[in-house]
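In this chain, residues are counted from 1 in sequence order. Ligands are counted one by one from 1 in listed order, and the atoms in each one are counted from 1 as well.
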Amino acid sequence: MLRLLVLVSGGGTNLQAIIDGIESGIIEDTRIVKVISNKKDAYALERAKKAGIDTGVISRKDYDTKEAFEDALLRGASEVKPDLIVLAGFLVVLPEALVENFENRIINIHPSLIPSFCGKGFYGLKVHEEALKRGVKLTGATVHFVDKGCDSGPIILQKAVEVLESDTPEILQKRVMEQAEWKIMPEAINLIAKGKISVNDGHVSVVGG
Ligand code: GRF
């Protein structure tokens with residue numbers, strides 16, 4: 001049984017896709033042991049509670065220094081003894097120690113086809129605004145392992161999504177979520193749960209796939 005810790009900051013639609021995926025059997029042998037948010041009022045926490053999942057809040061506001069906050073995050077995450085940490089819209093740069101302690105055991109979803117429209121400052125609507133500005137015909141989403149860089153870890157899965165001429169950043173964001181994010185996130189977790197993912201030299205191979 002893969003023990004999942006999900007870190008969130010916002011609406012939690014990706015968290016919902018994971019909850020639904022476990023319930024429907026798209027994700028096998030997996031249990032969400034805890035959902036931790038850095039925002040007290042994140043709707044993602046409600047989704048977790050509704051599904052009967054243990055929740056916690058670790059907010060920067062409750063700590064005097066960045067170090068104390070990062071320490072709390074590291075302790076909060078380690079306590080749960082997760083096999084895998086999932087960043088599902090978690091808008092905090094992870095403490096280095098957390099990344100080191102959980103090498104190739106933290107995954108993130110990014111709403112573009114990495115290496116396009118990623119890196120520092122590329123989050124939320126900004127990603128889609130830039131894609132529209134550049135006039136790309138295809139965008140998409142990427143699930144990747146988290147390393148010490150920004151959106152630079154080994155790529156697990158990607159899915160392309162068409163860009164339409166009439167798109168606004170909001171419309172494109174929604175299509176990327178529906179057609180890509182909510183599909184490849186559960187798929188990636190299932191592959192990891194089944195032990196089908198290996199990482200060599202920064203490259204992911206899917207065993208038997
Ligand atoms: C998604 O667009 C995801 O790609 C990004 O943050 C957003 C989170 O949305 N990393 P939600 O909280 O899962 O609804």
Side-chain angles (χ1 to χ4, degrees), residues 4-23 26-27 30 32 34-51 53 55-59 73 77 84-94 98-99 106-132 136 138-147 149-163 167-190:
L4 275 194
L5 165 64
V6 185
L7 303 183
V8 296
S9 300
T13 60
N14 280 288
L15 167 66
Q16 192 66 55
I18 299 167
I19 293 171
D20 295 346
I22 291 173
E23 209 171 285
I26 288 172
I27 306 173
T30 298
I32 303 177
K34 192 159 185 170
V35 172
I36 295 178
S37 172
N38 68 314
K39 303 257 187 236
K40 288 185 182 66
D41 56 356
Y43 185 66
L45 290 171
E46 301 308 314
R47 295 180 188 272
K49 284 175 194 160
K50 239 178 249 172
I53 301 163
T55 61
V57 175
I58 301 176
S59 163
L73 207 53
L84 183 69
I85 300 177
V86 178
L87 310 185
F90 188 56
L91 299 178
V92 173
V93 177
L94 289 192
L98 187 61
V99 178
I106 307 176
I107 64 173
N108 181 46
I109 179 99
H110 183 78
S112 77
L113 294 173
I114 289 176
S116 289
F117 312 114
C118 66
K120 207 164 180 279
F122 281 93
Y123 63 89
L125 272 183
K126 173 85 177 161
V127 177
H128 305 290
E129 277 164 19
E130 292 299 320
L132 289 177
V136 293
L138 284 175
T139 184
T142 303
V143 181
H144 63 91
F145 284 111
V146 173
D147 65 6
C150 190
D151 298 329
S152 55
I155 292 171
I156 305 168
L157 291 177
Q158 295 188 297
K159 190 163 189 290
V161 172
E162 219 176 328
V163 181
D167 276 347
T168 62
E170 289 80 5
I171 292 173
L172 183 56
Q173 180 181 50
K174 186 157 179 273
R175 187 178 314 113
V176 168
M177 285 180 147
E178 287 172 354
Q179 295 185 3
E181 294 183 39
W182 302 343
K183 294 203 159 81
I184 60 176
M185 183 56 123
E187 211 179 305
I189 294 169
N190 186 49

A.B. asks: If you measure from atom 12 (O) of ligand 1 to every heavy atom of Gly12, Ser9, Gly89, Ala141, which option wins on shortest distance?
C.D. replies: Gly12

A.B. asks: What protein heavy atom sits nearest atom 14 (O) of ligand 1, and how far away is it?
C.D. replies: Thr13 OG1, 2.6 Å

A.B. asks: So is Ala44 close enough to ligand 1, meaning a heavy atom under 4.0 angstrom away?
C.D. replies: no

A.B. asks: Say you draw a straight line from CG of Leu157 to CD1 of Ile184; how long is it, rounded to the nearest 0.5 Å?
C.D. replies: 6.0 Å

A.B. asks: Can you pull out the closest protein heavy atom to atom 3 (C) of ligand 1? Residue, atom name and distance to 0.1 Å, please.
C.D. replies: Glu181 OE1, 3.2 Å

A.B. asks: Give the minimum heavy-atom separation between Phe117 and Ala131, together with the two atoms involved.
C.D. replies: CZ-CA, 3.6 Å

A.B. asks: Between ligand 1 and His110, is the shortest N or O to N or O distance under 3.5 Å?
C.D. replies: no

A.B. asks: Under 3.5 Å between any N/O of Asn14 and any N/O of ligand 1: does that happen in this structure?
C.D. replies: yes

A.B. asks: Who's the nearest protein heavy-atom neighbour of atom 9 (O) of ligand 1, and how far?
C.D. replies: Met177 CE, 3.5 Å

A.B. asks: Are any of the N/O atoms in Ile109 less than 3.5 Å from those in ligand 1?
C.D. replies: yes

A.B. asks: Is the closest N or O pair between Gln173 and ligand 1 shorter than 3.5 Å?
C.D. replies: no

A.B. asks: Which heavy atom of Gln173 sits nearest to which heavy atom of Leu125, and what is that distance?
C.D. replies: OE1-CD2, 3.6 Å

A.B. asks: Looking only at N/O atoms, are Leu15 and ligand 1 under 3.5 Å apart anywhere?
C.D. replies: no

